There are 2 protein chains.
Amino acid sequence: MSEQSARPVRRATIEDVARLAKVSKATVSRVFSRAAVVTEETRRTVLEAAVAAGYRPNGLAQALRRRSSRSIVVLVPDLANPFYPAIVHGIERRARALGYTILMGNTDADPEVEAAYLDLVRDGRADGMLLLTGRLPPGVAADDPDRPPIVLISEHLPGPQLPTVRIDNAAAAADMVRHLAALGHRRIGHVTGPPSRVLSRDRLAGYRRALAEAGLAFDPDLVAEGDFTFASGVAAGRLLLSLPDPPSAVFAANDESAVGVLRAARLQGLVVPGQLSIAGFDDIQLAEMSDPPITTVHQPRAELGAEAIGLLIRQLEAAEPAATEILLPTRLVLRDSTARPAEKPG
Amino acid sequence: MSEQSARPVRRATIEDVARLAKVSKATVSRVFSRAAVVTEETRRTVLEAAVAAGYRPNGLAQALRRRSSRSIVVLVPDLANPFYPAIVHGIERRARALGYTILMGNTDADPEVEAAYLDLVRDGRADGMLLLTGRLPPGVAADDPDRPPIVLISEHLPGPQLPTVRIDNAAAAADMVRHLAALGHRRIGHVTGPPSRVLSRDRLAGYRRALAEAGLAFDPDLVAEGDFTFASGVAAGRLLLSLPDPPSAVFAANDESAVGVLRAARLQGLVVPGQLSIAGFDDIQLAEMSDPPITTVHQPRAELGAEAIGLLIRQLEAAEPAATEILLPTRLVLRDSTARPAEKPG
DNA sequence: TTGTAGGCGTTATCAT
DNA sequence: ATGATAACGCCTACAA
């Protein structure tokens, strides 16, 4: 029985199955493209033949013929940034549920890399893009009717509306600052994100809005520029804490820089939250593992991803018109890094 | 000039270019498949025609015809675990340099998900797999001659040798314990990883080996089981620190659980490193951001990824025989969480 | 319900 | 060096 060991090198094709089942290629194809009209009996015959032949439809041939690869490119600036993986995870789960495959790209914010991934959709290997990069790849214009289907996540772009799934950053920031004010803080500092990003500007705007609402004057000295990194948080914290009249609370534009502020406070011998309250934004795991754990704004990151790919796929399949903007709700997570301010001595 | 605005809906194909350049499809193809013999003159003509037509080769058709997609599936158990992104990044950079595309999958250690990604290579959409999951997808046997090309990263499998790129975990663990012993510690605790993983067993073995070398007795009470999580580190730390004769140093099998031990020490009012030295493994960013920063074993993660995909691609292209095991060097990173033990009072 | 046949866009073989 | 042509494996009118 040498046949047993003589495995076919070539993978079985639709033709092999057709021959085995004594039907036409078309029928086999119909059995595998769900929802086609086939007798229950032939369906069974075909399925058996397929199993016997070890047949699996060739995804490339299907995609070529159907003119759709059912793949989506997801562009992330930096996967090592703990903010992103949860979003990607949400994307991936929903994608799989909908029968799509994800091609994930870590761009390092490098336009060349972005362009390389754009090629995948230009050359048919992907049907659309999900962008976490906060900008369009080079050569793509939002209002170009021939541009690839795109949905933005987390960061929206100024100018022509592109479908976007995000949170209301200004409102969420205002919530947090309102909370600090309610605790009794009168001097509330802010460590910003990189000013180039809409995100950072929105959060700063929310900070200012809540200050105004609380009847607190805006003091530019209390705003220190950061760039979302731990190191920038340390630097900004140092700056704020060395002020003649330092803040009793600091709201950082993300958790990583909040932990940086915490470090700066420690370096000056300050007790948190006893002498300084610190709040962050995003609710990444670091906020929880920090000592003390950081009060922060929770973003529903997996849901952001899931909604975004859902939107993109609907757009792709139903030719749904360029939809809008989806805003997902946030919530405050109160932990041990914030408390009422210390009473002024004297 | 209505032609200007009347963009073709259909993307240009090789035939359009051929017509424009007044050559055959074959010649156009040759121009785009590098290293083919074409006159410099016709090459220029074709290239010009291609630009004029806005032509890009269709990746699907190429892959179908060439029987190679130049794509690799990368399976990661949990992208949110900060250990993995750096490896993935190394993979991705090298892949792009070599002209390959990555299909990344987050499996959640779910066999169904692993199987779904395996289908991509079975159906031609990928040429091979890079596994960070520490195991083969269901239905794949290491010694099956028809199994897809696979390279393992970080975790090696017992049994039939599969190509693997990793570090020498036992040796690296031994290095760290040797360091602690050299500082003067006599009672060194260990928080393990999940015992099911070879990784954990290797690190434990290294711990024991270094102990023996230093002439220190192995005390089972000083070994607490963990699972690489922060919470398990806290629990294990509590356990070890509540011993009648507690350790003066703890070596945790990864950084996250080391930070857990740190938390446990703090909860008991211990000063680190004054009263307890703590060491971790992996050198993720958390180790640096922790307060105090954690002494740890550095793994060259990006290099692990780059080596692995290089190995896989060589295997794919040169039909290189099932290669071996590549071990990459580690190094100790000494930070503030370790110091000489406190002198015994009295 | 099932079969026939043509084509998706490319590359490889064989001529010329 | 270039051209004609037949696959690659599948899907989808259209016909039966």
Side-chain angles (χ1 to χ4, degrees), chain A residues 8-47 49-50 53-70 99 119-127, chain B residues 8-47 49-50 53-71 119-127:
Chain A
V9 173
R10 195 176 59 84
R11 213 165 279 307
T13 76
I14 220 175
E15 257 191 276
D16 304 321
V17 180
R19 203 174 308 121
L20 254 154
K22 297 195 207 310
V23 296
S24 71
K25 294 194 303 178
T27 301
V28 178
S29 173
R30 281 192 272 259
V31 168
F32 280 91
S33 355
R34 60 197 84 184
V37 276
V38 180
T39 312
E40 189 47 39
E41 193 188 334
T42 48
R43 147 171 269 108
R44 244 206 324 281
T45 322
V46 168
L47 252 20
Y55 170 74
R56 302 195 43 75
N58 180 312
L60 292 173
Q62 288 182 318
L64 178 60
R65 181 57 234 242
R66 292 178 172 157
R67 312 176 142 276
S68 152
S69 61
R70 297 179 75 85
D119 278 351
L120 292 180
V121 11
R122 289 215 198 284
D123 86 359
R125 289 195 281 170
D127 298 341
Chain B
V9 172
R10 195 175 59 84
R11 213 166 278 308
T13 77
I14 219 175
E15 257 190 275
D16 304 321
V17 180
R19 203 175 307 119
L20 254 154
K22 297 194 205 310
V23 296
S24 72
K25 294 194 304 179
T27 299
V28 178
S29 173
R30 280 191 273 258
V31 169
F32 281 91
S33 356
R34 59 197 89 181
V37 276
V38 180
T39 313
E40 190 47 41
E41 194 188 332
T42 47
R43 147 170 270 108
R44 244 206 323 280
T45 323
V46 168
L47 253 18
Y55 169 75
R56 302 194 43 74
N58 179 311
L60 292 173
Q62 288 183 319
L64 178 60
R65 182 61 234 233
R66 292 177 172 159
R67 312 177 139 275
S68 152
S69 61
R70 297 179 76 87
S71 303
D119 278 352
L120 292 180
V121 11
R122 289 214 198 285
D123 86 359
R125 289 194 283 171
D127 298 341

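Since the structure is predicted, the reported quantities are computational estimates derived from the model, not experimental observations. Here is how names work: the chains are called A, B, and so on, in the same order as the sequence lines, proteins then strands, and each is numbered from 1.
Contact between the side-chain N/O atoms of A/T39 and the OP1/OP2 oxygens of C/dT2 is found at a separation under 4.0 Å. A/R67 has no side-chain polar atom (N or O) that falls below the 4.0 Å cut-off from OP1 or OP2 of C/dC8. The side chain of A/Q62 contributes an N or O atom lying less than 4.0 Å from OP1 or OP2 of D/dC11. For B/T42 and D/dT2, the shortest distance from a side-chain N or O to OP1 or OP2 is below 4.0 Å. In this model, the phosphate group of D/dT2 is not approached by any side-chain N or O of B/S24 to a distance below 4.0 Å at OP1 or OP2.
Between A/K22 atom NZ and C/dT2 atom C1' the separation is 17 Å, expressed in whole Å. Distance A/R125 CZ to C/dG9 C1': 14 Å, rounded to the nearest Å. The CD atom of B/E15 sits 13 Å away from the P atom of C/dT11 (whole-angstrom rounding). Distance CG (B/N58) to P (D/dC8): 18 Å, rounded to an integer number of Å. At whole-Å resolution of the value, CZ in A/R19 and P in D/dG9 are 12 Å apart. Atom CZ of A/F32 is separated from atom C1' of D/dT12 by 18 Å (rounded to the nearest Å). For A/L60 and D/dA7, the CG to C1' distance is 15 Å, given to the nearest whole Å. Whole-Å rounding puts the A/D16 CG to D/dG9 P distance at 9 Å.
Taking the side chain as every heavy atom from C-beta outward, B/R65 and B/S29 never approach each other to under 4.5 Å. Using a 4.5 Å heavy-atom cutoff, the side chains of B/F32 and B/L47 are in contact.
A donor-acceptor contact closer than 3.5 angstrom is absent between the side chains of B/T45 and B/T42.
Closest-nucleotide positions on DNA chain C for B/V28 and A/L64 were compared, and the one nearer the 5' end corresponds to A/L64. Positionally, the nearest nucleotide of DNA chain D for B/T27 lies more toward the 5' end than for the other of B/T27 and B/A61.
Note that the NZ atom of A/K25 and the CZ atom of A/R30 stand 12.5 Å from one another [nearest 0.5 Å]. Atom CZ of A/R67 and atom CD of A/Q62 lie 15.5 Å apart (nearest 0.5 Å).
Base contact: B/S29 has a heavy atom under 4.0 Å from a base atom.
With hydrogens and angles ignored, the 3.5 Å screen pairs a side-chain donor or acceptor of A/T13 with a backbone N or O of A/E15.
Side-chain to base pairing of B/R30 with D/dG3: one donor and one acceptor N or O lie within less than 3.5 Å of each other. Between the side chain of A/R65 and the base of C/dC8, no donor-acceptor pair of N or O atoms lies under 3.5 Å.
Axis angle between the ends of the helix from C/dT1-D/dA16 to C/dT16-D/dA1, five pairs each and rounded to 10 degrees, works out to 30°.
Picking from D/dT2, D/dC10, D/dA6 the nucleotide with the shortest atom distance to the side chain of B/K25 gives D/dA6.
For the pair B/S71 and A/R125, the tightest heavy-atom approach, listed with the atom from each and the gap, is OG-NH1, 3.9 Å. Nearest heavy-atom pair, A/L64 versus B/A61, reported as atom, atom and distance to 0.1 Å: CD1-CB, 4.0 Å.
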